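Following: one structure in structure tokens, then a few remarks.
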Amino acid sequence: MEKKPVIYQIIPRLFTNRNAFLTPGGSLEENGSGKLNDINREIIEAIKELGATHLWLTGVIEHAQCTDYSEYGIAKDNHYVVKGKAGSPYAIKDYYDIDPDIAVSVPDRMKEFEDAVKRIHDCGMKVIIDFVPNHVARQYHSDSAPNGVKDLGENDDPTLAFSPANNFYYIPNMMFVPESGAGSGEDAYMEFPAKATGNDCFTAFPSKNDWYETVKLNYGVDYHNGTCHFEPIPDTWLKMRDILLFWAGKSVDGFRCDMAHMVPVEFWQWAIKSVKEQYPDVKFIAEIYETGLYREFIFNGGFDYLYDKVNLYDTLRGIQTKGWPASAITGCWQTVDGISSHMLNFLENHDEQRFASTHFAGDCMKVIPSLAVSALIGSGPMMIYMGQELGEEAPDAEGFSGYDGRTTIFDYWSMATVRRWLQNGLPSDVNLTPRQRKLREIYIKILNLCNQSKAVAAGAFFDVMYVNYDNPGLNPSRQYVFLRHYGEELLLIAVNFGPDSADVSIKIPEHAFETLGLMQGGAVCHELLGGDVQTLDFRPGMTFPTYIGPNGAVIWKIEIEEKSDKKI
């Protein structure tokens, strides 16, 4: 049976940076950077202990930044088109190279990446990296591409706003003048004619809120009239397919595809098929924010997994912070019914605010009900962001990012919680607070259950809320209950989003027994988080009693010991 992916995302520049003396907006020399070499076997094993099966390395491909590496043959970037001192990992400067910040020896940066991949594989985990197909840094130039590979834009005709043969879109006869400024004199950034900006901004004057540091790639869609030009295959398609094949050849196991829905699904259908013909086990994950596109990107595009941000994540956040009813989760699984195994769930990543931050829940221990639901509701992947299991709050105004409840992706920085846990490369709970240790224990139990339990990894799902709305023993505004089942393994998972503890009596309908083919009879029930045990007569129409703590969850494993009947 294939494992349910549990993905742990790290930004190496931040994750293994040990410097505790940080200057907001500081340079590499002032604040330092984590290195790929620092991701040692001990760290990988400690991440694996969480239940993680995959390590997502974010920001490993060379991107625009303010640090000068020209002595190594890397062209210097103009700081007017770089966000922060470290730059965005999503403003790719060379698709065929590794970010020099995360290398101990800059000339050996590709070997250090390859060695890191091997260490991760040797520990029994798989590697995911970002593929950023929609946009590149404004000063894109590859100095590491294989022989014969031409740069993006090298053969473009910049006098044309659109041509199927061009890699970029142009604003003819206009100088690029971003709202943030392009400087003057020798220090100025000059771009003529202007290129369209990555967030579909087709003017020469992007605002400071636009992705002004990036250039939109042209996949053959003429945005002026909406026409598509996919035959013959556009040059951009060929170049991007070759980039995917290059990294798959480096033993990468999967690609998290940035803003996948901003690229035509026809490209994905062609490119994913092409890659899988040579590397059939490579997985593709789409960052996507439109539920109406989910099925198209799975069945036509060929994606293995999709972000379920605007469905489950947004609903859980609404329940945790806006008073939405817990019963709203029912609508989430109904939205993805039939494709739930393709849904990737998460509570944090580099784009979202930290759960424990004052901008979100303000308390890391409130995460338990959302964690249990997102990790256990389906057989699709679960994703964790570095330090999430330690209650990282993103308490700093790091520089360009500012104090926004997120861990910066633009600045040289480090995280105090992660520094204390990593212990100079030998992870340990010694310097964690009791709250952090308790939180990590909960994450270990729930995330490991993702693959220790066949019911979670590959089993059926059944929502019992529909028979509990008129049940005085359950509050659907604050509590949510569902079943997971595989073979003779049955889990009852109940969560409480309320600030008060709850004594709950859950109705188990006859339809659940019929649909899942459940056994009935005398049962011994073990609660997998707290260790409680109870015996009861498990049968259709019964009520299942349980206590759930404030902002808590219970996971009951129900084992029939005295069968009173066969499956019904």
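Every value quoted in this text rests on a predicted model; they were computed, and no experiment measured them. These values consider heavy atoms only, across backbone and side chains, with no hydrogens, waters or symmetry-generated copies.
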Exercise for the section: Could you give me the CA-CA distance, side-chain angles and deciding distance for Y8 and L50, then say whether side-chain contact (heavy atoms from CB on, under 4.5 Å) is met? Expected result: CA-CA 9 Å; Y8 192 91; L50 270 177; 3.5 Å; yes
Problem - R13 vs D411, salt bridge (charged side-chain N to carboxylate O under 4.0 Å, His left out): CA-CA, chis, key distance, verdict - result: CA-CA 9 Å; R13 168 163 39 86; D411 303 284; over 6 Å; no
Exercise for the section: Go through F346 and Y385 one step at a time and tell me if the ring pair (Phe, Tyr, Trp, His ring centres under 6.0 Å) criterion holds. Expected result: CA-CA 8 Å; F346 59 86; Y385 189 35; over 10 Å; no
Practice task
Please report the C-alpha distance between R256 and E287 in whole Å, then the side-chain angles of each, then the deciding distance to 0.1 Å, and finally whether the salt bridge (charged side-chain N to carboxylate O under 4.0 Å, His left out) criterion is met.
Solution key: CA-CA 7 Å; R256 178 268 187 190; E287 179 192 20; 3.1 Å; yes
Handout entry: Derivation and outcome, side-chain contact (heavy atoms from CB on, under 4.5 Å), residues T53 and I7
Key = CA-CA 6 Å; T53 60; I7 301 167; 5.5 Å; no
Practice task
Output, in order, the C-alpha distance, side-chain angles, deciding distance and verdict of ring pair (Phe, Tyr, Trp, His ring centres under 6.0 Å) for Y90 and H135.
Solution key: CA-CA 8 Å; Y90 297 95; H135 48 268; 7.5 Å; no
Practice task
Starting from the C-alpha separation in whole Å, work towards a yes-or-no answer on side-chain contact (heavy atoms from CB on, under 4.5 Å) for I128 and V252.
Solution key: CA-CA 6 Å; I128 295 170; V252 166; over 6 Å; no
Handout entry: Evaluation steps, salt bridge (charged side-chain N to carboxylate O under 4.0 Å, His left out), between D314 and K309
Key = CA-CA 6 Å; D314 283 355; K309 193 271 183 191; 3.0 Å; yes
Exercise for the section: Please test Q388 against R440 for side chain to side chain donor-acceptor pair (under 3.5 Å), starting from the C-alpha separation and ending with a verdict. Expected result: CA-CA 9 Å; Q388 176 181 337; R440 190 168 186 273; over 6 Å; no
Problem - Derivation and outcome, salt bridge (charged side-chain N to carboxylate O under 4.0 Å, His left out), residues R437 and D429 - result: CA-CA 6 Å; R437 285 196 292 270; D429 292 353; over 6 Å; no
Practice task
Just do the side-chain contact (heavy atoms from CB on, under 4.5 Å) check on S401 and D404 with the steps written out, would you?
Solution key: CA-CA 7 Å; S401 181; D404 60 0; 3.5 Å; yes
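Looking at every heavy atom in both residues, P133 comes nearest to M240 through CA-CE, 3.7 Å. Listed here is the closest heavy atom pair of R119 and I39: NE-O, 2.9 Å. Across all non-hydrogen atoms, the minimal contact from D351 to R406 is O-NE, 2.7 Å. When every heavy atom of V221 is checked against every heavy atom of P264, the shortest pair comes out as CG2-CG, 3.7 Å. Across all their heavy atoms, G302 and I272 have their closest contact at O-CG2, 3.6 Å. Closest approach of T543 and P545 over heavy atoms only: O-CD, 3.5 Å.
For T214 (side chain) and G198 (main-chain N/O), a donor-acceptor pair under 3.5 Å exists by modelled atom type. The main-chain N or O of L432 is never found under 3.5 Å from a side-chain atom of R420 such that the two would form a donor-acceptor pair. With N496 contributing its side chain and G549 its backbone, the two residues share a donor-acceptor pair below 3.5 Å. With N468 contributing its side chain and N471 its backbone, the two residues share no donor-acceptor pair below 3.5 Å. No donor-acceptor pair under 3.5 Å is formed between the side chain of D258 and the backbone N or O of V132.
The distance from the CD1 atom of I548 to the CG atom of D503 is 9.5 Å, given to the nearest 0.5 Å. Note that CD1 of I120 and CG of L55 are 4.5 Å apart. Values are rounded to the nearest 0.5 Å. Note that the CD atom of Q269 and the CD atom of E296 stand 9.0 Å from one another [nearest 0.5 Å]. The CE atom of M343 sits 12.0 Å away from atom CD1 of I377, with the distance rounded to the nearest 0.5 Å. Between K557 atom NZ and H526 atom NE2 the span is 8.5 Å, to the nearest 0.5 Å. The line from CZ of F284 to CZ of F303 is 7.5 Å long, rounded to the nearest 0.5 Å.
A 4.5 Å side-chain heavy-atom check between E348 and T407 finds every atom pair outside the cut-off. Counting only heavy atoms from C-beta outward, the side chains of M262 and I288 never approach each other to under 4.5 Å. Within the 4.5 Å cutoff, side-chain heavy atoms of V504 are placed close to those of Q479. Counting heavy atoms from C-beta outward, I493 and V554 have side chains that stay 4.5 Å or more apart. For the pair M542/L536, a side-chain contact is recorded, criterion being any heavy-atom separation below 4.5 Å from C-beta on. Using a 4.5 Å cut-off on side-chain heavy atoms (C-beta onward), M383 and N349 make contact. Side-chain contact between L491 and I558 is absent, with no heavy atoms from C-beta onward closer than 4.5 Å. Under the 4.5 Å side-chain criterion, counting only non-hydrogen atoms from C-beta, L439 is not in contact with L390.
In this structure, H342 has its ring center at least 6.0 angstrom away from the ring center of Y294. For W247 and F255, the distance between ring centers is not under 6.0 angstrom.
Checked for salt-bridge contact, R41 and D122 miss the test: no charged N lies under 4.0 Å from a carboxylate O.
More than 12 heavy atoms of other shown residues, nucleotides or ligands fall within 6.0 angstrom of atom NZ in K507. Counting heavy atoms of neighbouring residues, nucleotides and ligands inside a 6.0 Å radius, atom CD of E277 exceeds 12 of them. Within a 6.0 Å sphere centred on NZ of K454, other residues, nucleotides and ligands contribute 12 heavy atoms or fewer.
Side-chain atoms of E398 and Y403 form no donor-acceptor pair, as typed in the model, at a separation below 3.5 Å. Of the N and O atoms on the side chains of T58 and Q9, at least one donor lies less than 3.5 Å from an acceptor on the other residue. Side-chain contact annotation: H121 with D253, donor-acceptor N/O pair under 3.5 Å present. A donor-acceptor contact closer than 3.5 angstrom links the side chains of S370 and Q320. Side-chain N/O atoms of E489 and S453 include a donor and acceptor closer than 3.5 Å. Side-chain contact, T330 with D463: a donor N or O sits under 3.5 Å from an acceptor N or O. For the 3.5 Å distance criterion, the side chains of N431 and W421 fail to qualify, holding no donor opposite an acceptor. Side-chain contact annotation: T417 with E392, donor-acceptor N/O pair under 3.5 Å present.
Between F482 and F461, the angle of the ring planes lies from 30° to 60°, which puts this pair in the tilted group. The aromatic rings of F355 and F360 lie tilted to each other, with the angle between the two planes from 30° to 60°. The aromatic rings of F513 and F538 sit tilted, their planes meeting at an angle between 30° and 60°.
In terms of the ring pair (Phe, Tyr, Trp, His ring centres under 6.0 Å) criterion, residue partners of F544 (sequence neighbours excluded) are, by chain and number, W556.
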